[in-house]
Amino acid sequence: MKKFLKKYEQEERDVIDVRSDTVTQPTKEMREAAFSCLVGDDVYRDDPTVNRLEERAAEILGKEAALFVTSGTQGNQTAIMTWTGRGDEILVSDAAHIYEHEVGAVAVLSGANMRTLHFENGMPDCAMIEEAIREEDIHCPVTTLICLENALANGRVVPVSVMKEIHEMAKGHGIPVHLDGARCFNAAVSQGVDVKEITRYADSVSCCLSKGLCAPVGSVLAGSREFIERARKNRKLLGGGMRQAGILAAPALIAIEEMPKRLRIDHDNAKHLAEGLARIPGVVCDPEAVEINMVFFRMEAEKKVRADYPGCLLEHGILVNGESCGMFRMVANAGVTREDMDVILKVTEEYLAGR
């Protein structure tokens, strides 16, 4: 495996990379925009390209203002720092990225407590969330934030009706809702709605531009003007005060304006892959569970066969992560075609047939 990767790095050979949609390459237009854009010092707020990105992001996401941040994690953690005080409690799914994959940042950076809730298939339940809100009690932390995710880490999409129900309940308790919308455009495309129909039911939203939207770097955090002003200071505290950041904002602007239009292709390719995997003996995959660009499946094979599978794919120029919690994940993205999916299916079928 190491030998193949070394050769790939040296020869810049074509590969089929379905590890994640974070592996997307910036388009030619993005590269040209980064080269030719006007820049300034963003800490002084005089980078015109960053300013334009933030204006457009706010418009597209249906918020008063937006802030360019380096990553989805920085966006989420900046939001949490802005909404909470030390010792406060946030409510979050036990499968959420904020809880599972952000290195315990809530505790380190905000000094807040995460109260995790287990939802069936990760789908948030309004009644469970409301029941978990702390009553006034000297022994308990104060619930000051509800964190949601859409699309979910398992590739499912939270219906707009569920988002609305939770937001209205939270508003009744005077608690804001933050949306980890890393793939909120995928969620919108899946439901056939404008992304504003999702983000309107959150008081702040972090949206990743470097996943399926193909920007090389960055996310945006959006919310009210007052919220973003406070968040800007927290971004600086986290080391996110960038200077001539227009070089990054220029491709990010193309990402948020143009790239959501092509996400349907990734969704269709993922569905095609799932349907093909479901037909292979020894593979368990539910195509109906594929709502965005992610395909999850498991193999009815012994541990060594499962462990050797990524290496077999690598020999055919296919990059995939190893098994996690009994499941494999493949993610359709802009660098992968329908024909590439057929190659994956052929190699997988031949691999299992020979074992």
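Please read all numbers here as calculations on a predicted model, not as lab measurements.
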*Given side chains that start at C-beta, do those of T27 and M259 come closer than 4.5 Å, heavy atoms only?*
yes
_On a heavy-atom basis, which atom in D46 and which in D42 lie closest, and how many Å separate them?_
OD1-N, 4.3 Å
*asked:* The test is side chain to side chain contact (heavy atoms under 4.5 Å, CB included); show your working for R134 and V142 and say whether it passes.
replied: CA-CA 6 Å; R134 299 283 191 175; V142 179; over 6 Å; no
*Rounded to the nearest 0.5 Å, what separation is found between the CZ atom of R235 and the CZ atom of R230?*
15.5 Å
*Given the rule in the salt bridge (Lys or Arg N to Asp or Glu O under 4.0 Å) test, do D203 and K171 qualify, once you have shown the distances and angles that lead to the verdict?*
CA-CA 10 Å; D203 299 285; K171 189 160 53 174; over 6 Å; no
*Is any side-chain heavy atom of I129 less than 4.5 Å from a side-chain heavy atom of M169?*
yes
*asked:* Let's go through T144 and W83 carefully: what are the C-alpha distance in whole Å and the side-chain angles of both, what is the deciding distance for side-chain hydrogen bond (donor to acceptor under 3.5 Å, both in side chains) to 0.1 Å, and is it a yes or a no?
replied: CA-CA 7 Å; T144 56; W83 286 123; over 6 Å; no
*Tell me, do S219 and C208 make a side-chain contact under 4.5 Å, heavy atoms counted?*
yes
*Given E54, which of R45, K63, R232 fulfils the salt bridge (Lys or Arg N to Asp or Glu O under 4.0 Å) condition?*
R232
_What verdict does the salt bridge (Lys or Arg N to Asp or Glu O under 4.0 Å) test give for E197 and R200, after you've listed the backbone C-alpha separation in whole Å, the side-chain angles of each residue and the deciding distance to 0.1 Å?_
CA-CA 6 Å; E197 292 302 307; R200 68 185 296 187; 3.4 Å; yes
_If only side-chain N and O atoms count, and only distance matters, is there a donor-acceptor pair under 3.5 Å linking Q74 with T70?_
yes
*Worked check of salt bridge (Lys or Arg N to Asp or Glu O under 4.0 Å) between E350 and K346*: CA-CA 6 Å; E350 290 176 352; K346 183 174 184 295; 2.7 Å; yes
_Transitive ILVMFWY side-chain link M114 to L117, under 4.5 Å_ = no
_Straight-line distance of E257 CD to I60 CD1, nearest 0.5 Å_ = 5.5 Å
*Got a donor-acceptor contact below 3.5 angstrom from the R306 side chain to the A301 backbone?*
yes
*Between the side chains of E291 and H267, does any donor sit under 3.5 Å from an acceptor?*
no
*What do the steps show when you test N121 against N154 for side-chain hydrogen bond (donor to acceptor under 3.5 Å, both in side chains), and what is the final call?*
CA-CA 8 Å; N121 292 323; N154 62 8; 5.5 Å; no
*Atom CE in M81, atom OG1 in T78: separation rounded to 0.5 Å?*
7.0 Å
*asked:* Could you check whether N333 and D266, counting side-chain N and O atoms only, form a donor-acceptor pair closer than 3.5 Å?
replied: no
*Distance only, no hydrogens: is a donor on one side chain within 3.5 Å (strictly under) of an acceptor on the other, for T337 and D340?*
yes
_Please determine whether side chain to side chain contact (heavy atoms under 4.5 Å, CB included) holds for the pair T24 and K211, giving the CA-CA distance in whole Å, both sets of side-chain angles, and the decisive distance to 0.1 Å._
CA-CA 7 Å; T24 50; K211 291 188 171 72; 5.9 Å; no
_Is there a side-chain hydrogen bond (donor to acceptor under 3.5 Å, both in side chains) between R338 and N269? Walk through the geometry before answering._
CA-CA 6 Å; R338 177 65 61 92; N269 284 342; 2.9 Å; yes
*If we only count heavy atoms from C-beta on, is the I280 to T348 side-chain gap below 4.5 Å?*
yes
*asked:* For the residue pair N76 / H97, report whether a side-chain donor-acceptor contact shorter than 3.5 Å exists.
replied: no
_Tell me whether Y351 shares a hydrophobic cluster with I16, the cluster being built from Ile, Leu, Val, Met, Phe, Trp, Tyr side chains joined at under 4.5 Å._
yes
*Answer yes if the ring centres of F328 and Y309 are under 6.0 angstrom apart, and no otherwise.*
yes
*Derivation and outcome, side chain to side chain contact (heavy atoms under 4.5 Å, CB included), residues Y201 and V177*: CA-CA 8 Å; Y201 298 118; V177 173; over 6 Å; no
_Atom of R329, atom of S20 and distance for their closest heavy-atom approach_ = NH2-CB, 3.6 Å
*Rounded to the nearest 0.5 Å, how far apart are CG of D194 and OG1 of T199?*
8.0 Å
*What heavy-atom pair brings T84 and S110 nearest, and what distance separates the two atoms?*
OG1-CB, 3.9 Å
*Trace of the salt bridge (Lys or Arg N to Asp or Glu O under 4.0 Å) decision for R279 with E275*: CA-CA 7 Å; R279 292 192 291 267; E275 290 171 348; 5.2 Å; no
*In terms of hydrophobic clusters joined by side-chain contacts under 4.5 Å, are L179 and F185 together?*
yes
*Evaluation steps, side chain to side chain contact (heavy atoms under 4.5 Å, CB included), between L319 and V18*: CA-CA 6 Å; L319 293 174; V18 289; over 6 Å; no
*asked:* Quick check: is V284 connected to M299 through a chain of hydrophobic side chains (ILVMFWY, heavy atoms under 4.5 Å apart)?
replied: no
*Nearest heavy atoms of A95 and A153, plus distance in Å*: O-CB, 4.1 Å
*Is there a path of hydrophobic side-chain contacts, each under 4.5 Å between heavy atoms of I, L, V, M, F, W or Y residues, that connects I256 with I198?*
yes
*asked:* Nearest 0.5 angstrom please: F119 CZ to M128 CE, how far?
replied: 5.5 Å
*asked:* What verdict does the side-chain hydrogen bond (donor to acceptor under 3.5 Å, both in side chains) test give for D41 and Q244, after you've listed the backbone C-alpha separation in whole Å, the side-chain angles of each residue and the deciding distance to 0.1 Å?
replied: CA-CA 5 Å; D41 187 323; Q244 288 70 43; 4.8 Å; no
